[in-house]
Structures are given as structure tokens and as C-alpha cells.
Amino acid sequence: MYFHSVLSALIHNLRFFEGLSDDDLRESAYELLLASIFFSGVEANSVEDRRKEKTSKFLSGLKSKRDKMQSQSQSVGRKSELVDIVRVQMQISEAMDSCTRRNLMQLAARKMSGQIDLTHIALGLLNGTFKSDFLNERSYMQWKSRQANILEELLCSATGTTNEHLTIRSYVAKIRDEKEWDTMMSASERVAVVASMRQVAVKLSSLPAQFGIQGETFYWTAIYHVNIRLYQKLLFGLFDVLDEDQLIEEADEMLLLIKLTWSTLGITETMHDALYGWVLFQQFVRTGGSVLLENAVLHLQKVLSTEEDDRKEQYMNSLVCTKQCNGSHLKLHLLQSIFVSISMWCDYKLQDYHSHFSQKPYNFRMIISLVSAVGVLASDESGDLKLMKLNASDAKASRKLKSYVKKSTEAAFRKVASKVDFESKIERIHPLAQLAKELKLIAETEFNVFHPVLRCWCPESVTISVVLLHQFYGERLKPFLKGVSSVSGDARSVLPAAYMLDQYLTKLYTSALEANKLPNSFNQDFKHYQIGEISKPFILDWVISQHSHILEWTGRAFDIEDWEPLSYHQRHAASIVEVFRIIEETVDQLFGFNLPMDITHLQALLSVIFHSLDAYLMKMLNQLVEKNHLYPSAPPITRYAETVIPMIKRSLVVGTLLDENVARKLNELTIPKLCIRLNTLQYIQKQVAILEDGIRKSWGLIRPSLDQRQTKEEVLEERSLLTSSEAVDALFATTCHIIRDTTTDAIRKFCDFTGARVVFWDLRDQFLFHLYRGDVGSSRLESFLPHVDTVLDHICGLIDDTLRDLVVLSICRASLEGYVWVLLDGGPSRAFSDSDITMMEDDLNVLKEFFVAEGEGLPRSLVEQEAKFAQQILGLFSLKTETVIRMLMNASEHISIRVDSQHGHMGLEDAHTLVRVLCHKKDREASKFLKQQYELPMSSEYDDTSSRDSNFGSPLIPDLLKRSTSFHWPKNGQSSFKSIRKKLQAATSEIRDVAR
């Protein structure tokens, strides 16, 4: 509606005496085109004359995207085809077209020279067309009325208020009167009327032209309002009737035909470009076709770049229009009227460009190009309205564009604010949260769509828009903030939305300042919403409140854990998955607030995570027992001696039962459950790394946004409060890194326990109590390895791949430790001769090769390192007895007499190691030395089978050690050695007494 009111300003003084409708003008324009073609000497047969030569494919050829029409016969000619296209485009019936062509061809034949004009065309048709030429009376009456109207408009406009003017009106009245013209008047009388009107027309056409332009007639200026309207109707025929936002394919060819009317209508090249651009613009307004707008801009820019000679310029300036604009009375020539009308329409649209061009950014670019060409309507210093060219250095033009930005931003805000209540109900969020979301979209569109176009003339467009949006939203947010008491309820949606909007608008503002090198007036333009000051205490309270909740949930999940794998592919415990789920939910909720935070919140979050995982790890470690509970009791210290005298064997009955709690824990620590625990610990390692990475990324997204909002003083203040990246790293080091270290230590402990469990508990009968028992040759190591292999296969099917080597290494280490236990603590049933050592060394090599597994197992260097002590012990057995005795006597400075084995603390030259080597040597000299020096009983006196299934430990040896923790042998001598011998004899006598 507004567009048509603007267009009416263009033809404010182009009103007709009688009501010439658009249909009248369209049909008259077609008649003019046909007449121009015929008078130019071109033959154009009607459709009826060529019906047999055409097919029904013609109508399908109207669409702009149709296949190009096939060439018709040479007799018809291309122009005849184009005229047919024009006829269909201008919606002229075939019957009317046939009648009009026949009469115009006759008229052209009678008038072979001279220039044609509109009055001669109308009079010629009126004189040669009869009622019988029409299908019905109604069609005839409409046609006759149109001819009368066009004649009256043409002749009366040209004659002014003279007597001829009155005569013309009386003749026109007779033509309109059905009875008088068609019934009462004779043919000769009708001819006389037409002849009288032709005389007036001839007289007018002979009047001198005003500007001396070649081909100029009196009618160019006398009836220019009709000429312009008719020419526009012809140009509108270039648009596809089936696709109105497209030009037909034959548009360029049709324009060549339309140019035949220029001499009749008084159209110049510049006028054509102006009117064609104007018509394209009108069609764009109706259809929204971007191509039409682009072509309109091109033609109007061509008008501005074309220089006309003085006479043509004077002629165009004489075509004056008057209009009312913003209360002012403007008198404009034709080009000015077109430009003003376009500028007024653009002005209206640009005041709300967000609404009109958000979905069509290309159109916005073209509209700005159009405005830059035609100018913007503004008041000059005297207050008169005039078109002002866009110029970045022109303050008035800059103010005009700034006003567009302000008005469009305000309009966009009013639009979303008016419907935000309804949309928030649909989205089920608070209206302020929905409004923030909508305003962010407006700002985003301003920055991405409109600013790149406006920045050439108004670089401040983004800053103006975002400041207004920030201000509008702040006015609505302020009352809400006063009532916030927690980060729940409505605040849960409004505060993050407001904070994100504040951040985004700030980012756009600073980006626009930097990109356009504008002065920074940030502090004056922006007053940030007080989101952080309000939300930070509430967020900290929320994090703290999660602490007890997560600890309780962690404890509950751990207590019901049965240490079964979660699935075949997830071989960790279900409880740890639950623990990380609740932790990750807490992390997601915290950062999901999308609210400002400081390092205090990060510290609180990491503290919650640390205590939760640390509690879980401590519970796991508390389920572990000390490895010494797995080791067999130390057998009695004896010396090798054979006896042929039958005697009653003595057994050692010492020790106490395992603590009930220890026994219960050991029953729970089976190999499958140990594997699940180890997998769970490894899962913790992986998830902690993932969790830390996620928290760091989320924190990184928060910190930059905070830094953008801060002044230099605020940044320095925060750095002084340990908010730098170094402080963040320190926080993670005291939480996640400690958790990883604790987990690593727990993995080590469980691996060590697993190895000890396999060798010293599960396989003690097959290994510790079988190997070399009685005779080395009959109880070699080969019988033990299949049992180990079975266990390893079972473990490898349960353990995580990343832990496999650690567990295998622990079993390897425990196996070597068990092997040393057999050599040193094997008991009275084990004694080794020099010939046995070779077999034992072979067994040790077999054990090492078993774990190397031909390069598929543990690294050879690692196995060799682990087996080094066992190799050294075998080396002691290889030495002569005199050498071992000498080594024992020379260890005076470092002897620590611990007659029971302390696993993991044995030294190669320790007294207790050397004593045990002598005890297990099948050698008379060693036996004699032990008898003389320590009075140790013979091994044949004992039956240690009772100790094989015993979980007891000797209380006498620790008591002995308490009373005599160490002995020091001076370098010089035997006196100290004798003292040591007495104490050892005393100890062995206590053992013998108990044994009896």
C-alpha cells in the first residue's frame, strides 16, 4: 500500500480527463507497437493467418526457462514471432489482435509517408472497425469506449481550453453514446465526425516543436504524460507472465521492436534507461526478484553516467511533475521524480532494514547501491528537500545512515519484544532469556549482513546497533536482577542468557572498533550487566553443596561393588563409571551455567573432584593386605647331615592364625577381582586425563570472555589474586596430578600383590613346596611353568592391555623371589650339592626365557635385571664352603642378624643370607662349621611337611631379634665372632626347646 502511494507521487500531475484504466493503456500501447511496426515497413501476419504453420508448442515457449523456439519458416519472419510473444505477454486476444492488425495494415498502406502519432492510430481504428468485427456487443462497447477515452485525453490535453477543446468533447460524447453512434448516425455522419477530429489532430501535429530535436513533434511535450504511461506498459510486457520475477528470453529482441515507438512517444536513450530502470524497480517491489533489482540499478547508474546534449536535456527537464513530500510541495522533472520516488521507497524500507532484508542480504546490498546512485532525500540549509548523494565525508549523509541504523534497530527490538511472551511460552523459557536470544540474532545479522555493506559510508553502524540493543535489554533486565537469590528457577535461564548477550555485544563492539580504527569509547557506551557480582557467590555455594552429595554417592557406589567387569569390552568396575558420571554431571552443570567465574570456583570444583576420587582410591587401597601375609612361615634353621639311625622326626608347631579381617580380605582378593581392580585404576587414569582436558577447555572458554570485559587495572588486580595460567596449572597439579600419582602408586601396589598372590599363595604348593624338595633332579622347574602359563593366560584375558606387561612383570618378579625363597628358606628338606648347581642354573635360565617368550614377552634386559639377585645367590652356592665361611666372618661391619627371612630386604653379603647358603649346602664342612659355631640341629631331625599348609609365623624369631637386633664383628677378630656364635647358639637352643 505504501509503495503505490509513493508511486502516485511520480505522476501527480499526469492525471487524465477521463478514466483511462490500466487495461485501456495496455491495449492502446499494443496498438501503438503494431502501428510502429507496420509503418516501419515490417510485415507481421496475425495468428489466424499463420495458424496452420504453428503448433501448440508456442504457449509453452513463453516461460523464461523454456527451450528456445525453433526457427519458423522464412516467409513468417522472426519479427512476426516476436509480435506474437508481445501479444501474449500483453494479454491481447487473438480476435482483437486480428482485427487490429487488419485495420492498421490498411492504414499503413494508405499513409506511406510521414510520422505516425497516437491520434491518427486511434482515429484510423475507429474509422475502420465495426461492431461486426467483435464476438459480442460488450467487447465492442469496451473497445469503442477506450478509443473515445484515448482521443479525448490526447486531443483535449493538447488543445487546452479553446473552442476546439469543446468540440472534441462533444464528438467524444457522440462516440460513447451507443444509440447515437451505432444506430441514429449514418456511416457518412460517423465519417464526418472522425474527419473533423482528424483535422484537429493534423493541425496539432503540425505545430512547431519546442527544442528542435530531430524527429520531435508537438505531441512529445503536449501529451508526455500519456506517452510515458504507454511506454511503461510496453516495458512491463518484457516480464514473463508465468514467472513475473524474470525477464523473458526474447527481452532484448523485444526491446528492439519497442524502440520503434520512440519517435512517436518522444523517448530518448536516457529516458529509456530511466523508465526501464523504473519499471524494473517497480517489478522488483512487486515480486522481490533480485535479478530485477540488479538490472534496475545498472540502468539507473547508466542514466547518471550518460551525458545528453543541451537540447535533449532541456526537453527532459520540461517534463515536469509536482508532488507532495513530507508536507513540502515539490516540482520535479521526470528523472528527478523517478529518483525521488525510488529514494522515498528505499528510505521507508531502510528505516526497518532488519525486517525487510535479513533473509535477502543481496537485495540490501543492491538497495544501498541504488540509494548511492539516486541519493537520499534530506533537507538542505534552507530547509528544502533535495536528493543528496551518499558520501562518506558528508556529515549529512552520515547522519542519515546513522538514523537508518537507529530506527531499524529500534524497530527490530520492538518487533521481537512484542512477541517474546508468546514465543517464550512455546520454548518454555523465561521471556528475558528468549529476548536475549532474539537480540543476539539481531546483532549477529547486523554484523555479518548489514555492516559489510554500510561500513563504507557508516563505519559506526555496528557500534550504534549493539549499544542500543545492550541498552534496551539492560532496561528490562535491571528489575529482574534485584530479585535474584540463587542460580535456580528463572535465574537459571535468564542470567546465562543475559551474560552471553553481554559478552557477544561486547565482542562485536570491540571488533568493530578495531576493524574500522574507531576511537574507543567503551566505558562511556557500555555499562555491563551486573551478572558476575550477583551470580558468583551463588555458584560457589552450589559447588560446595555438591561436595557431600558426590562423596555420599561415591561411597554408596563403592560399597555395593562386586568387582565384576561391566561388560566384555568394558572390563572395569561399574562403580567407577558411576563415580565419573556424577563428577562429569557436576562439571557440565557448573560450566553449563554459562556465567562468569573466577579461580575460586575452579578451586572448589577441583577440590570436589579430588576428594571424591581420593576417597574411592583410599577405599580400594584399604581392601589390600600386606604382602607378608602371603609368604609361608620361615622354616627352622638346620644344617645338612645324613643319619642312618632311625629316629622320630620333629615338627615345628609355632605361630598364630591370620587375623579374621585379613583372611576375609584375602578371600576377596582373587586374581579375577584383582584384575578388575587394576582395570578400574587404569580407567581412572584415562578418565582423569579426559576430565582435566575437558575442564581446561571449558575454563579457557570462560577466561578469555572475562578478560575482554576487563580494564587493565582489573586484569592486574586479578593477576595479583593468582588468576594467571600458572595458578591454574598449580591447581591442577595439586588435584588431578596428585590423583594420577596416587592411582599410579595404587596400580604398583596391586600389581605387586597380584604377583605375590599368584606365586606365594595360589601356586605355593606347585612351586614353593615342590621345587627341589628332597632331590633336585626329581623336582625341576618344568613342572611349575605350565601352572604359571595357565594363570598368565587367564590374567591376559581379564587385564587391560596397557597393564598386561606390569602384571606379567610382577609375576616374573614374584617367581624369581620365590625361587630365591626356595634356595635360602627351603627348609630341612632342601640341600644342594655342587652337582645340583648346574641343573639349578639351567632352571633359572628356563624361568627367564619363559617370561621373555622369544621376544613376545618382557624385554630381556628387564628380566635379566630382575633375575640378577637369584643369579648371585646361585653363585654363592657355586663357591667353595671355605670361601662362604670367610665371607660370613668378614661381614662384621654390616651384619644384621635376622634369622628369619625378610622378603625384599635380603643382601648378597648379609650374614643371614650367607648363613642360609651354608645351611642348604650339601657339604660336610658346612655342616661341621654350623654345628661347631652355632650348634644347629641336623636337617634329618625335622619333618617340615606340617609347615606346607601352614599360615603360621614363628613368634620366637622376632622376639629374638628384639632382644638382639644386630651384631658387629671387629676386623681383628675371633672374640667378637665367638660372642656372635654364643648368641646364635642361644637362639637355636630356644628353637630346639620349642621343637621338643
Side-chain angles (χ1 to χ4, degrees), residues 627 630-635 670-672 674-675 751-799 804-805 807-833 835-854 856-858 860 862-864 866-874 877 901 903-904 906 916 920 944-945 947-951:
K627 285 196 305 181
L630 300 172
Y631 297 131
S633 302
T670 62
I671 293 302
L674 284 170
C675 289
C751 280
D752 289 346
F753 185 86
T754 301
R757 166 91 193 202
V758 169
V759 174
F760 288 95
W761 191 265
D762 293 343
L763 297 180
R764 61 166 52 183
D765 288 341
Q766 293 85 351
F767 185 28
L768 300 182
F769 298 152
H770 175 74
L771 183 66
Y772 304 154
R773 186 177 182 82
D775 178 57
V776 171
S778 61
S779 53
R780 300 286 295 276
L781 189 68
E782 289 88 344
S783 61
F784 165 66
L785 294 181
H787 299 288
V788 181
D789 190 55
T790 301
V791 173
L792 286 177
D793 285 342
H794 183 50
I795 289 176
C796 289
L798 295 173
I799 203 70
R804 184 189 62 185
D805 288 352
V807 176
V808 172
L809 176 61
S810 73
I811 296 175
C812 173
R813 184 179 291 127
S815 299
L816 292 167
E817 187 180 355
Y819 188 78
V820 171
W821 186 91
V822 169
L823 299 183
L824 299 181
D825 287 322
S829 62
R830 291 178 173 90
F832 312 120
S833 65
S835 61
D836 293 333
I837 302 304
T838 301
M839 291 186 289
M840 295 166 66
E841 288 176 343
D842 291 341
D843 285 349
L844 180 59
N845 289 331
V846 169
L847 184 60
K848 291 190 291 184
E849 290 299 327
F850 175 80
F851 285 102
V852 173
E854 298 181 352
E856 298 295 327
L858 297 175
R860 181 175 296 277
L862 180 60
V863 175
E864 292 290 346
E866 294 295 333
K868 185 177 181 180
F869 185 69
Q871 196 78 46
Q872 291 171 339
I873 296 298
L874 281 177
F877 279 100
S901 172
H903 294 281
M906 291 185 292
R916 278 165 174 74
H920 290 87
D944 62 346
T945 57
S947 67
R948 291 179 58 183
D949 300 321
S950 174
N951 291 331

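If you read the sequence from its start, that first residue is 1, and numbering goes on from there. Quick caveat, the model's predicted, so the values are computed rather than measured.
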Nearest-0.5 Å distance, OG of residue Ser815 to CZ of residue Phe850: 8.0 Å
Val759 side chain reached by Glu817 side chain, heavy atoms, under 4.5 Å: no
Which atom of Leu798 lies closest to which atom of Pro672, heavy atoms considered: CD1-CA, 3.6 Å
For Asp752, all residues meeting salt bridge (Lys or Arg N to Asp or Glu O under 4.0 Å), sequence neighbours excluded: Arg748, Arg813
Leu858 side chain near Val852 side chain, heavy-atom distance below 4.5 Å: no
Minimum heavy-atom distance Cys675-Ile795, with the two atoms named: SG-CG2, 3.9 Å
Flag side-chain contact, heavy atom, 4.5 Å: Asp825 against Val820: no
Approximate separation, where rounding is to 0.5 Å, of Asp775 CG and Arg830 CZ: 12.0 Å
Any side-chain heavy-atom pair of Glu864 and Lys868 under 4.5 Å: no
Test salt bridge (Lys or Arg N to Asp or Glu O under 4.0 Å) applied to Lys627 - qualifying residues, sequence neighbours left out: none
Test item: Arg764 side-chain N/O and Leu630 main-chain N/O as donor-acceptor pair under 3.5 Å: yes
Approximate separation, where rounding is to 0.5 Å, of Leu785 CG and Gln766 CD: 12.5 Å
Aromatic ring pairing Phe760/Tyr631, orientation class (parallel under 30°, perpendicular over 60°, tilted between): perpendicular
Closest approach of Phe877 to Leu823 (non-hydrogen atoms, all atoms of both residues): CZ-O, 3.5 Å
Check: Val822 main-chain N/O paired with His920 side-chain donor or acceptor under 3.5 Å: no
Exceeds 12 heavy-atom contacts within 6.0 angstrom, atom CZ of Arg804: no
Smallest separation among heavy atoms of Leu781 and Asp843, with atom names: CD2-O, 3.0 Å
Asp762 vs Val791 side-chain heavy atoms within contact, under 4.5 Å: no
Salt bridge (charged side-chain N to carboxylate O under 4.0 Å, His left out) between Arg860 and Glu849, worked out: CA-CA 8 Å; Arg860 181 175 296 277; Glu849 290 299 327; 2.6 Å; yes
Test log, rule side chain to side chain contact (heavy atoms under 4.5 Å, CB included), inputs Asp793 and Asp789: CA-CA 6 Å; Asp793 285 342; Asp789 190 55; 3.8 Å; yes
Arg757 side, atom CZ; Ser810 side, atom OG - distance, nearest 0.5 Å: 13.5 Å
Gap separating the CD1 atom of Ile671 from the CD1 atom of Ile799, nearest 0.5 angstrom: 9.5 Å
Distance in Å, Leu862 CG paired with Leu809 CG, rounded so as to fall on 0.5 Å steps: 5.0 Å
Donor-acceptor contact below 3.5 Å, side chain Ser779 vs main chain Arg773: yes
For Tyr819, all residues meeting side-chain hydrogen bond (donor to acceptor under 3.5 Å, both in side chains), sequence neighbours excluded: Tyr772
Close side-chain approach of His787 to Phe767, heavy-atom, < 4.5 Å: no
Test log, rule side chain to side chain contact (heavy atoms under 4.5 Å, CB included), inputs Leu768 and Trp821: CA-CA 8 Å; Leu768 300 182; Trp821 186 91; 4.0 Å; yes
Side-chain heavy atoms of Arg780 within contact of Asp842, under 4.5 Å: yes
Heavy-atom side-chain contact between Phe784 and Leu763 under 4.5 Å: yes
Closest contact, heavy atoms only, Ala814 versus Gly755: CB-O, 3.2 Å
Side-chain (Asp836) to main-chain (Ser833) donor-acceptor, under 3.5 angstrom: yes
